[in-house]
Amino acid sequence: MRKLFYARLALGNIRKNARTYIPYILSCILTVAMTYIMYLLPRDPGLTGTRGEVTLRSTLVLGSFVVTIFAVIFLFYTSSFLSKRRRKEFGLLNVLGMEKKHIARMMFFETLYVGVFSVAVGLLLGVALSKLVLLLLLKMLDFDVAFGMNFSPQAALITLAIFAVIFFLTLLNNIRHVHFASPVELLRGDKVGEREPKARWLLVLVGVVTLGAGYWMAVSITNPVEALMFFFVAVVLVIIGTYCLFTAGSIAVLKILKRNKSYYYKPEHFISVSGMMYRMKQNAVGLGNICILSTMVLVMLSATSTMFIGTENSLMERYPRDVAVQLTGDWQEDAASAVIDECLAENGLTAENRLEYTKEEFAALLRGDELIFDTSVDMGSGELISLRCITLEDFNRITGRNDTLEPDQVYMFPYDGESIELLGMRFETLDPGDVSLDAIASGSYYGLYGASVDFVVPDMETLQEIDARQQEAYGTSSSALVHQIAFDIVEPVEDDYNALSGALFDSLAEVGTGAMRVFVREQERDYVYSMNGGLFFLGVFLGLLFIMATVLIMYYKQLSEGYDDKRNFSIMRKVGLEKAEIRRSVRSQVLIIFYLPLITACVHIAFAFPFIMRLLPLVGITDVGLFAVCTLVSVVVFAIVYAASYALTARTYYRIVGSDD
């Protein structure tokens, strides 16, 4: 045969199968473009000098790895679908005399054409869109925008290498399927699944148990650290349960409907139940993929949008004062306070709303009326709480009260019980009344372990005794007494914060030898906005990728169903069923199959809501109402996009089923 025969044959095959190849090529182009953009952004000089640059670049690097993993899985899935749809064609060529090595050569040229075209156009599109994406990112973070177009040869080479490997592996996988199949199997490849599937009750049980376990973990775990530890376990359980129930549970439900003769033996029910049952085995994986992708989109968008929108509120909760200085160890506290006053005066600044107090923060296990301190305690335990202790003197100065306590008494926030044992010391607990210490948590990690409890102890001697005992209990894992000075600055500008923080570090080092931390809310804002904004950008970016994948899977599912159902409905018309009845049953079947993943994804989100709400406080978000609104908006917007995608792809199905050719 002539050398260019297989090259021309491959090109002709792509043209003849345009209905399946064009969506695949478009998806490849968009995936290449998005991959290039994600590898370009961390290297783009437009981010140089931005506030929180290191954090932002690190977040974008993480996104590039996620996009790469997605590209591998997504293109493998779609490529295997294309190969499966053409198994009959490959079998016919094999029967007519073309050896499998020749079919492999033809498939090589098809993959080469698609790969070269997709990568070339995708890189051009990525270069064209990269500046727009960077502008959107910088605008989202309220950063200055630099003009000019940037091209990264390194990002382009990485993208080229990634997709060269992906297309090569998909080619090997498709050749493997053809090589190990007989001509008869290839010819009957599009009829696989026609035998009525059996109800696999064991798999149904596995699905119910794993999904139930994932849901139970989501609603029962209340400790944030424990939620973080078990989050991915719950995710894996839900994914396993989803696939099991879509694969086996759907068949079991259809079998039950079939046994109900009064329901089953009606034309519309007979057609829809039978049609779904015969192909649900091969549909189930695709529907499970749609469900998981939909859930991922909703989780990412709701969580990252909540973090981004709630950034300012979380900053104010975490840093209620403009500046907070924390001194730990050997410090001359009066001298440190005087140094802070001098630094403010030297920079022409005036402080207001000043707070100065000493605190001790640590974690313990609360069981009944006893606080247990043990390094062997599981840090994910639901009984683990955060403790903070301050003296009565500081409490009275902060609140303006003039309370007194006996040596064996403490105030407890929130008040619970009549006494508490703390490190071997028994205290009578008193209700402090309508007062809260949350406003003085500046710059701490207070509340990290879930439930938070405050104690006001009678004097500094008691606080020092608590400190000594917890250091003995925790050893190298212990905390230390912290002297904190927090204040606001009157009419500041951004440079004032930078100058003041530098002066504080230099001057305070002269009056103590312990550890020192200076928290400036405006400087922390840069870090937090860079992290939350970068995550929100990734949520939107990856959400678009997953939506594209969902639409393509839906399209291929409609295409596959259309070809499978066409023969069946043609027979039904010949035996006397009216077109109206067939169309009604078709619409019912398609609606059930393609809206089932969306409904299931919404159920997943409903159970995941309390779980994610437990995790958000770890990044400073405690506004349940904001998260609820963001989740609801994400679900509504995605449902609209999903419905529109279904409406567009369903046209292909009805066109195939309704045609007479």
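Quick note: numbers below take in every heavy atom, side chains included, and nothing from hydrogens, waters or symmetry partners. We count residues from 1, following the sequence as given.
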*Less than 4.5 Å apart, any side-chain heavy atom of I221 and any of W216?*
no

*Donor-acceptor contact below 3.5 Å, side chain R321 vs main chain D488*: no

*Do F427 and F455 have ring centroids that are under 6.0 Å from one another?*
no

*Would you name the heavy atoms of A234 and M217 that are closest together and state the gap between them?*
N-CE, 4.1 Å

_Between CD on residue Q154 and OG1 on residue T159, distance to nearest 0.5 Å_ = 10.5 Å

*Looking only at atom types and distance, does a side-chain atom of R521 sit under 3.5 Å from a main-chain N or O of P320, one as donor and one as acceptor?*
yes

*T328 to A480 - nearest heavy-atom pair and separation*: CG2-CB, 3.4 Å

*asked:* Can you tell me how far apart CZ (R401) and CG (N396) are? Round to the nearest 0.5 Å.
replied: 7.5 Å

*For the atom pair CD (Q409) and CG (D403), what is the distance rounded to the nearest 0.5 Å?*
11.0 Å

*If you look at every heavy atom in Y36 and S130, which pair is closest and at what distance?*
CE2-CB, 4.4 Å

*Would the number of heavy atoms belonging to other residues, nucleotides or ligands and lying under 6.0 Å from CD of E418 be above 12?*
no

_Heavy-atom pair of closest approach, residues L344 and A351_ = CD1-CB, 3.6 Å

*Using modelled atom types only, decide if a donor and an acceptor are shared between the side chain of E472 and the backbone of R469 within a distance under 3.5 Å.*
no

_Go through it in stages, so that I can follow the logic: the residues are I390 and L463, the test is side chain to side chain contact (heavy atoms under 4.5 Å, CB included), and I'd like the CA-CA distance, side-chain angles, deciding distance and then a yes or no._
CA-CA 7 Å; I390 67 170; L463 185 61; 5.9 Å; no

*Under the side chain to side chain contact (heavy atoms under 4.5 Å, CB included) criterion, do D322 and E522 qualify, and how do the steps go?*
CA-CA 7 Å; D322 290 339; E522 289 305 310; 5.7 Å; no

*More than 12 non-hydrogen atoms from neighbouring residues, nucleotides or ligands closer than 6.0 Å to CZ on F65, yes or no?*
no

*asked:* Can you confirm if the aromatic rings of Y411 and F395 lie within a centre distance of less than 6.0 Å?
replied: yes

*CG/L298 to SG/C630 distance, rounded to the nearest 0.5 angstrom?*
12.5 Å

*Sole residue of I605, L626, I612 in side-chain contact (heavy atoms from CB on, under 4.5 Å) with T631*: I605

*Can you find a side-chain donor-acceptor pair between T462 and D459 that sits under 3.5 Å?*
yes

*Roughly how far apart are Q326 CD and Q484 CD, rounded to 0.5 Å?*
4.5 Å

*Which value, rounded to the nearest 0.5 Å, describes the distance between T429 atom OG1 and F413 atom CZ?*
12.0 Å

*So, does S507 use its side chain to make a donor-acceptor pair with the main chain of L504 at under 3.5 Å?*
no

*Show your working on side chain to side chain contact (heavy atoms under 4.5 Å, CB included) between L355 and I485 and close with a plain yes or no.*
CA-CA 6 Å; L355 288 174; I485 305 170; over 6 Å; no

*Closest non-hydrogen atom pair, L405 against V456*: CD1-O, 3.5 Å

*Heavy-atom pair of closest approach, residues G539 and T304*: CA-OG1, 3.9 Å

*Would you say the side chain of I340 lies within less than 4.5 Å of the side chain of F487, judging by non-hydrogen atoms?*
yes

*asked:* Any salt bridge linking K359 with D467? Criterion: basic side-chain nitrogen under 4.0 Å from a carboxylate oxygen.
replied: no

*When you measure from the side chain of S337 to the backbone N and O of D334, does any donor-acceptor pair fall under 3.5 Å?*
no

*Please examine the side chains of V325 and F519, heavy atoms only from C-beta on, and report whether any two atoms are closer than 4.5 Å.*
no

*Non-hydrogen side-chain atoms of L41 and F537 separated by less than 4.5 Å*: yes

*Begin from the C-alpha positions of I37 and F541 and carry the test side chain to side chain contact (heavy atoms under 4.5 Å, CB included) through to its verdict.*
CA-CA 10 Å; I37 291 171; F541 195 87; 4.2 Å; yes

*Check whether any side-chain heavy atom of P458 lies under 4.5 Å from a side-chain heavy atom of L392, and answer yes or no.*
no

*asked:* With a 4.5 Å cut-off on side-chain heavy atoms, are L500 and V323 touching?
replied: yes

*Answer with yes or no whether the side chains of T391 and R397 bring together a donor and an acceptor at under 3.5 Å.*
no

*Are any of the side-chain heavy atoms of V482 and E360 separated by less than 4.5 Å?*
no

*Say whether Y39 and T68, considering side chains only, have a donor N or O and an acceptor N or O under 3.5 Å apart.*
yes

*Side-chain donor-acceptor contact under 3.5 Å, H483 with Y357*: no

